[in-house]
Amino acid sequence: MTSAPAEPAAVVVQRVRERFDTGVTRPLSWRLAQLDRMVALLTENAGEIERALHADLHKSPTESHLTEIGVLLEEIRHTRKHLRGWLAPQRVSVPWQYQPARASLVLEPLGTVLVIAPWNYPVFLLLGPLVGVLAAGNTAVLKPSELAPHTAEVLERLVPRYLDGVAVVTGGPDRTTELLRERVDHIVFTGGGRVARIVMAAAAEHLTPVTLELGGKSPAWVDATTDLPAAARRLAWGKLVNAGQTCVAPDYLLAPPDVARALEPLLAREIRAMYGADPAASPDFGRIVTSEHAARLERMVSESVAAGARVVVGGKADVAARYVPPTVLADVTPDSPVMAEEIFGPVLPIVPVPDLGAAITHVRSGDKPLALYAFTADEGVRARLLRETSSGAVGFDVPLVQASMPSLPFGGVGASGTGAYHGEASVRAFSHAKPVVRKPLLPDTLAAVRPPFTAVRRALARRLL
């Protein structure tokens, strides 16, 4: 039995846009109802979603809840609680020259938003932006990643069943290209820089605004003033969630030589505590998304070892099984192969540097990262890192969590992204803040600035402005 041909992207976008044009999405009641329906989608189908995530990424049910379903439910709860206040017109002061008058900013929905999601968090990074898109009163077209096919199939089937004005388009890069040819009102893309450039070029054809959530090499500084065992525990956890396939994971460590050496056995101990002597047998350790990605990581490690890096912990990868073991590399130099690009896997290099100044110089020599982490008790060090580096976010003594807090905007800077969303930032990102001015016809105070410009009016105009 052959499947029905895919609906053309133009037809999908037009249908969703027509739904927006009816005006049904504008009332607060519709927006709140959509958020409630999204809660129902996630809670009523949690088991099916978890099974799909396990099939695609070998995520355990608990990790799927923590990093995909549960964090989405918290985002929805936070948005629903505050949405009425966020949408209230914002009064703006009016200069005395224009009195009597009133001014305000009114948030209006943009229209139809295209959300292009990656494979590493295929539920959270598809439906997370959608929370703000719907809360702002828009309709949406969702494009899940073809590299997480089981999850994409589940979402393609469930989303239209629960949500109004939302369509899901599945398929490969050709389908994404097809969607990008269509005129939409905003594009959200999460992924790598190479594809982001394609998205921006396509958006430019229609002058469509974009939110780009990219990645990069997020560094972590560790010094002797911190509790090293506790720091190692959090770093190992932050690095190995989702088998390291997290855009805000610590990509590499920077530390003075003595701290770098001290971290080696501590990280090895924490990895064993989480995943046992054989992580391949642990139900809690994930898999790499494809064998090609696994082969890339295996090659990255072997080339780095050939260049002088030392394996502290880690074993042989099973590329066919998409398994790359938790790996810590020591004696890594800034020009090592493992430092050439974002790792996006369970490989943690330790790069010894002479001091904080050298670490800051290294960070500033590359693209601005999506996150920067520091494990230090020295407030002066924290102040220097905040002042002398630029990153999407900063985490002191903790990785990852900033990306899951609905009260904080999530976004990058420079090569790590543009724009931000989550919570109120989402509603503002997917709305237009429309200025509205109200000035009574009487008294007619504008008479002083209308021609003919007599001597009195000229003097008054120069005094007013």
Side-chain angles (χ1 to χ4, degrees), residues 50-68 119-122 147-148 150-151 218 220 222 228-253 260 262-305 309-332 337-338 342-350 373 398-400:
E50 289 169 358
R51 287 189 293 273
L53 289 166
H54 186 272
D56 287 329
L57 292 158
H58 202 265
K59 288 192 182 189
S60 70
T62 301
E63 184 171 302
S64 292
H65 177 79
L66 289 172
T67 65
E68 304 260 16
W119 48 262
N120 57 327
Y121 292 91
L147 296 184
H150 298 86
T151 308
S218 296
V222 187
L228 288 180
R233 187 172 305 120
R234 288 196 172 176
L235 284 164
W237 165 75
K239 180 63 178 183
L240 297 174
V241 168
N242 198 29
Q245 299 167 115
T246 304
C247 58
V248 291
D251 190 86
Y252 62 97
L253 306 185
L263 283 170
E264 294 178 21
L266 297 174
L267 289 166
R269 183 180 71 185
E270 293 305 325
I271 291 170
R272 187 183 183 93
M274 287 191 293
Y275 301 113
D278 180 15
S282 170
D284 300 319
F285 188 68
R287 294 297 182 269
I288 306 305
V289 65
T290 66
S291 57
E292 290 78 13
H293 285 71
R296 181 187 70 88
L297 291 165
E298 182 185 48
R299 184 169 58 254
M300 184 182 289
V301 170
S302 62
E303 291 176 353
S304 298
V305 170
R310 176 168 48 87
V311 177
V312 175
V313 62
K316 183 173 175 55
D318 185 342
V319 171
R322 301 184 287 130
Y323 171 71
V324 175
T327 302
V328 175
L329 297 178
D331 303 331
V332 176
V338 78
E342 184 178 6
I343 296 169
F344 224 67
V347 179
L348 182 62
I350 305 175
Y373 304 113
V398 64
L400 303 192

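Computed from a predicted model, the values in this text were never measured in an experiment. Side chains included, hydrogens not; waters and symmetry mates left out as well; all remaining heavy atoms used.
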Taking all heavy atoms of [X] and all of [Y], pick out the closest pair and write down the distance.
| X | Y | answer |
| --- | --- | --- |
| Y373 | L400 | OH-N, 3.2 Å |
| I343 | L297 | O-CD2, 3.3 Å |
| I350 | A260 | CG2-CB, 3.6 Å |
| V324 | P346 | O-CG, 3.3 Å |
| A309 | V332 | CB-CG2, 4.0 Å |
| L235 | A220 | CD2-CB, 3.9 Å |

Okay, side chain of [X], backbone of [Y]: is any donor-acceptor separation there less than 3.5 Å?
| X | Y | result |
| --- | --- | --- |
| N120 | Q245 | yes |
| H58 | F285 | yes |
| D251 | E342 | no |
| R272 | A277 | no |
| E63 | N242 | yes |
| S64 | L53 | no |

State, yes or no, whether a side-chain contact exists between [X] and [Y] at a heavy-atom distance under 4.5 Å.
| X | Y | value |
| --- | --- | --- |
| L266 | R269 | yes |
| L57 | P122 | yes |
| V328 | E264 | no |
| V313 | L267 | no |
| T62 | D284 | no |
| K316 | E298 | yes |
| T67 | T246 | no |

Within a reach of under 6.0 Å around CZ of R287, are more than 12 heavy atoms found that belong to other residues, nucleotides or ligands? yes
Rounded to the nearest 0.5 Å, what separation is found between the CZ atom of R296 and the CZ atom of R299? 8.0 Å
Nearest 0.5 Å please: distance from the CZ atom of R322 over to the NE2 atom of H293. 11.0 Å
Salt bridge (Lys or Arg N to Asp or Glu O under 4.0 Å) with K239: which residues, sequence neighbours excluded? none
